[in-house]
**Student:** 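Here's a structure for you.
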Amino acid sequence: MIPSIEFRGVSKFFGNIIALKDISFKVFKGEITALLGDNGAGKSTLIKLLSGVHIPSEGEILLSGEPVNFKSPRQAVSAGCLLYTSPSP
């Protein structure tokens, strides 16, 4: 079965700051997946990579087995990836 979303060896650097290093995982259709971690662990950065806000420094992101290289959130939305954050109370 081909994963709906796959990260392969994804890293993100901001200058010499390592935000993410060598992240790999798969999400399959019908699964419920939680992304958990301490503050500063890179959860938001990972989601921003998937939603086109940031571009990976290394590795690749695949949707339904096809590599994607989003350069903007608009491109991600066109492919079905949307970043939504709820407003603060």
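Index from 1, following the sequence.
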**Student:** Mind checking the CD1-CZ spacing from Ile2 to Phe28? Nearest 0.5 Å is all I need.
**Tutor:**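 Between Ile2 CD1 and Phe28 CZ, I get 9.5 Å after rounding to 0.5 Å.
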**Student:** Kindly list each side-chain donor-acceptor pair under 3.5 angstrom involving residues 61-81, sequence neighbours excluded, with atom names and distances?
**Tutor:**
from, atom 1, to, atom 2, distance (Å)
Ser72, OG, Arg74, N, 3.4
Ser72, OG, Gln75, N, 3.2
Gln75, OE1, Lys71, N, 2.5
Ser78, OG, Arg74, O, 3.1

**Student:** Side-chain heavy atoms under 4.5 angstrom apart, residues restricted to Ile, Leu, Val, Met, Phe, Trp, Tyr: same cluster for Ile23 and Ile18?
**Tutor:** no
**Student:** As an exercise, state the distance from CG of Leu20 to NZ of Lys48, rounded to the nearest 0.5 Å.
**Tutor:** 11.5 Å
**Student:** Check Gly9 against Asp22 and note the closest heavy-atom contact, atom names and distance.
**Tutor:**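 Closest pair (atom of Gly9, atom of Asp22, distance): CA-OD1, 3.2 Å.
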**Student:** Say you draw a straight line from CZ of Phe7 to CG of Leu49; how long is it, rounded to the nearest 0.5 Å?
**Tutor:**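 Here the interatomic distance stands at 6.0 Å.
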**Student:** Would you mind listing every side chain to side chain donor-acceptor pair (under 3.5 Å) that reaches into residues 4-18, with sequence neighbours excluded?
**Tutor:** Glu6-Arg8, Arg8-Glu60, Ser11-Glu58
**Student:** How about CG on Leu35, more than 12 heavy atoms from neighbouring residues, nucleotides or ligands closer than 6.0 Å, or not?
**Tutor:**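 Result for CG/Leu35: enclosed.
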**Student:** Would you say Lys43's side chain and Asp38's backbone share a donor-acceptor pair under 3.5 angstrom?
**Tutor:**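 Flag set: sc Lys43 to bb Asp38 pair under 3.5 Å.
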**Student:** I'd like to know if the side chain of Ser57 reaches the main chain of Phe13, judged simply by a donor and an acceptor atom lying under 3.5 Å from each other, with no hydrogens or angles considered.
**Tutor:** yes
**Student:** So how far is it from Met1 CE to Lys26 NZ, rounded to the nearest 0.5 Å?
**Tutor:**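 Output value for this atom pair is 11.5 Å.
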